[in-house]
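Okay, structure first, notes after.
Keep in mind that what you see is a predicted model, and the values were worked out from it rather than measured. In what follows, residues are counted from 1 in the order of the sequence shown.
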Amino acid sequence: MKCEASMRDSMWQKSSYSGASNECVEVRTANGAVELRESDEGHIIIRTTPTALADLLHGIKAGEFDHHA
């Protein structure tokens, strides 16, 4: 995927829907990977590739995981 080569390291970002709340998921890019963490558990970081995260988000939007709810 082309976006991997052009990704730059970034600061942690959270959704504007979170407002002032510290109960949200934050995301950033680091060393060509995508990192995710909960704002209230900042020491626990999940690292993945942009392609894997995009596949997960597409699956969620398509309802592939609805049977787990």
Side-chain angles (χ1 to χ4, degrees):
M1 188 171 188
K2 283 188 172 183
C3 68
E4 286 186 60
S6 64
M7 289 177 61
R8 295 194 170 113
D9 290 0
S10 63
M11 302 291 290
W12 287 106
Q13 298 177 24
K14 67 178 184 176
S15 170
S16 59
Y17 291 105
S18 299
S21 172
N22 276 341
E23 297 178 10
C24 61
V25 173
E26 297 175 322
V27 64
R28 74 174 179 184
T29 57
N31 300 317
V34 177
E35 295 183 337
L36 302 142
R37 70 179 184 182
E38 287 192 51
S39 55
D40 61 345
E41 293 286 337
H43 63 285
I44 300 172
I45 297 171
I46 297 173
R47 177 176 282 174
T48 188
T49 65
T51 303
L53 181 59
D55 289 346
L56 174 65
L57 294 175
H58 287 291
I60 291 169
K61 290 179 181 180
E64 291 180 26
F65 308 104
D66 289 354
H67 64 280
H68 293 290

Is it the case that atom CD1 in Ile46 sees more than 12 heavy atoms from other parts of the structure closer than 6.0 Å?
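No, CD1 of Ile46 has 12 or fewer neighbouring heavy atoms, counting only those of other groups under 6.0 Å.
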With Thr48 via side-chain hydrogen bond (donor to acceptor under 3.5 Å, both in side chains) - residues at least two apart
none
Residues clustering with Trp12 (ILVMFWY side chains joined when closer than 4.5 Å, directly or via others):
Ile45
List, one per line, each side-chain donor-acceptor pair under 3.5 Å for residues 30-41, sequence neighbours excluded.
| residue | atom | partner | partner atom | Å |
| --- | --- | --- | --- | --- |
| Glu35 | OE1 | Arg28 | NE | 2.7 |
| Glu35 | OE1 | Arg28 | NH2 | 2.9 |
| Glu35 | OE2 | Arg47 | NE | 2.9 |
| Glu35 | OE2 | Arg47 | NH2 | 2.1 |
| Arg37 | NE | Glu26 | OE1 | 2.6 |
| Arg37 | NH2 | Glu26 | OE1 | 3.0 |
| Ser39 | OG | Asn22 | O | 2.2 |
| Ser39 | OG | Cys24 | N | 3.2 |
| Ser39 | OG | Cys24 | O | 3.4 |

ILVMFWY cluster, Val27 and Ile44 together (side-chain gap under 4.5 Å)
no
Which value, rounded to the nearest 0.5 Å, describes the distance between Leu56 atom CG and Thr51 atom OG1?
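Result: 12.5 Å between the selected atoms.
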